[in-house]
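First up is the structure itself, then whatever we jot down about it.
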Amino acid sequence: MDNIAQLLLARYEDSPTSSLGLAEEPLTVASAVDKAAILALRLLDEEGLVPGGPVALVGANSNDWIITWMACQLAALPTALINPAFPDPLLADVLRPLSPQAVLCTDSRTAPEELTGRWIHAETTADPRSNRATSQPLPGLDARANDVSAFMLTSGTSGPPKLVAQSHRYFLSLGRYVADVLGITETDTVLSPLPLFHINPLGYAVIGSLTARANCLSLTRFSASLFWSQVRDTASTVAILHGPPLEILKRRTTRELAGQHSLRAVFYADPAFLSTFDIPIGVSVYGSTEVGGLSHTHHWRRGDADTPPEGAVHYGGQARPGLTHRISKDGEIQIRAHEAGILAEGYVRPGGVVEPLVDDGWFPTGDLGYNDQQGGLVYLGRASDSVRVKGEFVPLRFVEDTFRTIRAIDDLALWKRPSSLVDEDLVLFIEADSVPIEEIRNTASELPGFMRPSAIARLKALPRDTTVGKTRRRELDVNSAIEVVEL
């Protein structure tokens with residue numbers, strides 16, 4: 001199997017009744033692929049999109065989103081997967097280097113001015129019984145394994161997030177690995193509450209399930225209060241989570257609330273979670289969008305206590321077949337693939353040029369870590385000035401520029417403080433005579449939730465480099481503030 005389109009058609013033939021889509025209104029694989037094929041032909045024939053040319057997909061979790069993503073794979077349209085919460089200026093910024101031939105939107109959102117001529121509202125309401133489009137030629141079936149399938153966003157450190165190109169082999173090898181690690185079969189139902197434009201829900205849940213011929217259900221959003229009832233209602237046996245939802249469930253729910261669930265495995269979990277909620281198997285991982293979705297895994301069982309000091313979820317464990325890691329002199333984790341296509345292809349630069357990820361065989365991840373006595377990888381944290389909130393990397397400069405419109409603030413910088421969860425809290429550090437709290441709140445309300453500061457720290461002066469005057473973010477500390485206002 002060389003590409004995602006072939007995977008979709010294979011499941012269309014051998015697992016047509018498997019469930020795929022939102023838990024509230026699941027589709028069958030057969031109906032989803034039929035709808036996707038019809039949309040693929042419309043995008044090519046009516047909209048005039050050219051196979052091989054990139055497009056963008058903007059939308060929240062929905063059946064329309066899943067069908068549109070599938071349609072792009074069937075039509076050989078490499079697809080940039082974009083967070084629908086991005087404000088218009090940021091959306092235009094992240095897409096500008098790629099210059100997609102179209103932006104497909106599955107939400108009721110008005111096109112940003114810069115993208116108006118390329119904005120298409122994807123419609124997936126056609127009745128597949130009127131036209132078995134899967135019997136017609138679909139160019140995606142001819143895509144080569146190392147052709148680009150998708151572009152996902154990764155941290156831009158302080159600037160706009162960067163698009164990373166991922167091949168069909170990247171996704172197919174990842175899906176097979178996840179299916180094998182979790183032992184997923186056609187008897188399983190995999191549930192993910194995460195946004196589909198991320199690697200965990202798409203690469204692990206959707207493609208892992210398609211690989212294993214399992215049912216795969218998504219949720220419109222994660223809710224701790226609803227999660228366990230959703231698990232029971234869907235009879236899910238495997239859950240795909242990541243750090244923040246895991247910690248929220250541990251803090252805000254109980255074994256009694258979980259009730260008689262049927263989960264046998266949770267992807268991204270620790271022994272405490274397994275024991276609390278009576279789940280046999282959990283997996284901790286190390287990975288990133290660049291390193292094939294994930295590069296290391298470790299299995300945990302209820303009652304395990306042999307964890308590194310940093311905690312079980314920091315334990316990446318053993319390298320995935322086909323990948324090797326090493327720790328540099330500076331403590332940075334570096335990853336090497338034994339064959340092309342497993343790692344991401346590279347970063348998208350202006351003009352749509354994909355700059356190769358590595359030039360000497362080793363990818364410098366920008367993460368710090370060490371090897372334990374068994375050679376397992378322990379992840380410590382990011383070496384760069386990046387901030388992640390609720391699973392999303394925050395474009396620091398974009399958010400700072402948004403608050404710079406407030407005249408009462410002389411200067412400002414955005415940085416982080418430890419959170420009660422596995423990510424960080426945002427803090428807006430300001431130089432000002434007083435804290436213009438109402439203006440800050442009004443401005444913050446225009447931003448997505450993960451870009452909103454949780455506190456304002458007023459300083460006498462921001463710490464700066466003496467030569468060029470650049471703010472030294474790592475020296476920003478709420479403990480040195482004149483006053484701190486919680487938001």
Side-chain angles (χ1 to χ4, degrees), residues 11 15 17-29 32 60-67 69-70 174-175 177-250 252-255 257-270 273-274 276-285 293-294 297 299-300 313 390-391:
R11 296 298 87 90
S15 307
T17 60
S18 293
S19 296
L20 178 65
L22 291 186
E24 298 89 338
E25 46 180 341
L27 304 165
T28 65
V29 166
N61 285 11
S62 67
N63 285 342
D64 284 345
W65 192 101
I66 293 171
I67 292 167
W69 167 74
M70 294 166 65
L174 174 61
Y177 181 61
V178 169
D180 290 349
V181 164
L182 291 170
I184 301 173
T185 72
E186 60 269 23
T187 64
D188 282 305
T189 295
V190 179
L191 181 69
S192 174
L194 308 175
L196 283 161
F197 50 83
H198 282 315
I199 191 62
N200 291 36
L202 185 62
Y204 307 173
V206 174
I207 297 178
S209 298
L210 287 169
T211 300
R213 306 179 187 182
N215 302 304
C216 182
L217 299 175
S218 301
L219 301 176
T220 53
R221 64 182 182 87
F222 170 73
S223 168
S225 62
L226 297 176
F227 179 76
W228 293 111
S229 62
Q230 291 165 330
V231 167
R232 290 192 297 272
D233 291 345
T234 57
S236 295
T237 54
V238 177
I240 303 294
L241 302 174
H242 70 153
L246 181 80
E247 295 301 322
I248 290 170
L249 289 170
K250 286 163 62 176
R252 299 183 186 173
T253 67
T254 63
R255 179 68 186 91
L257 185 62
Q260 298 300 312
H261 67 76
S262 52
L263 288 181
R264 63 168 183 81
V266 173
F267 201 95
Y268 205 84
D270 58 14
F273 185 86
L274 303 179
T276 299
F277 299 110
D278 193 24
I279 299 168
I281 292 291
V283 177
S284 61
V285 307
L294 58 87
T297 57
H299 282 88
W300 299 97
V313 294
K390 297 179 181 177

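Below, all heavy atoms of this structure are taken into account, side chains as well, without hydrogens, waters or symmetry copies.
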- Which distance, rounded to the nearest 0.5 Å, do you find between the SG of C216 and the CG of D188? 11.0 Å
- Message: Minimum heavy-atom separation for F273 and L249, please, with both atom names.
- Response: CE1-CB, 3.9 Å
- Message: Give me the atom names and distance for the closest heavy-atom approach of L274 to W300.
- Response: CD1-O, 3.5 Å
- Under 3.5 Å, is there a donor-acceptor pair between the T297 and Y177 side chains? yes
- Tightest non-hydrogen contact, residues S236 and T234, listed as OG-OG1, 2.6 Å
- Do F277 and T253 have side-chain heavy atoms sitting under 4.5 Å apart? yes
- Can you tell me how far the OG atom of S19 sits from the CG atom of L27, to the nearest 0.5 Å? 9.0 Å
- Query: Can you tell if the side chain of R213 reaches within under 4.5 Å of the side chain of V29, non-hydrogen atoms only?
  - Reply: no
- Message: Rounded at 0.5 Å granularity, tell me how far CZ in R255 sits from NE2 in H261.
- Response: 4.5 Å
- Task: Report yes if some heavy atom in the side chain of M70 is under 4.5 Å from a heavy atom in the side chain of L210; otherwise report no.
- Result: no
- Which value, rounded to the nearest 0.5 Å, describes the distance between N63 atom CG and S218 atom OG? 8.5 Å
- Mind listing the closest non-hydrogen atom pair of S209 and N215 along with its distance? OG-O, 3.9 Å
- Item | Trace of the side chain to side chain contact (heavy atoms under 4.5 Å, CB included) decision for L294 with V178 | CA-CA 9 Å; L294 58 87; V178 169; 4.2 Å; yes
- Is any side-chain heavy atom of I248 less than 4.5 Å from a side-chain heavy atom of F227? no
- With a 4.5 Å limit on heavy-atom distance, are the side chains of R221 and N61 in contact? no
- Query: Got a donor-acceptor contact below 3.5 angstrom from the R252 side chain to the E247 backbone?
  - Reply: no
- Pick one: which of I281, L191, I279 meets side chain to side chain contact (heavy atoms under 4.5 Å, CB included) with V266? I279
- Is there a side-chain contact between L194 and F222 (heavy atoms, below 4.5 Å)? no
- Message: Distance check, rounded to the nearest 0.5 Å: L196 atom CG versus W65 atom CH2?
- Response: 5.0 Å
- Interatomic distance, K250 atom NZ to D270 atom CG [nearest 0.5 angstrom]: 3.5 Å
- Item | Nearest heavy-atom neighbours spanning H299 and V283 | CD2-CG2, 3.9 Å
- Task: Check whether any side-chain heavy atom of I207 lies under 4.5 Å from a side-chain heavy atom of L174, and answer yes or no.
- Result: no
- Query: Among L182, L217, V238, which one satisfies side chain to side chain contact (heavy atoms under 4.5 Å, CB included) with V190?
  - Reply: V238
- Task: With the side chain counted from C-beta on, respond yes when Y268 and N200 share a heavy-atom pair under 4.5 Å apart, and no when they do not.
- Result: no
- Query: Shortest non-hydrogen contact from L246 to A269?
  - Reply: CD1-CA, 3.8 Å
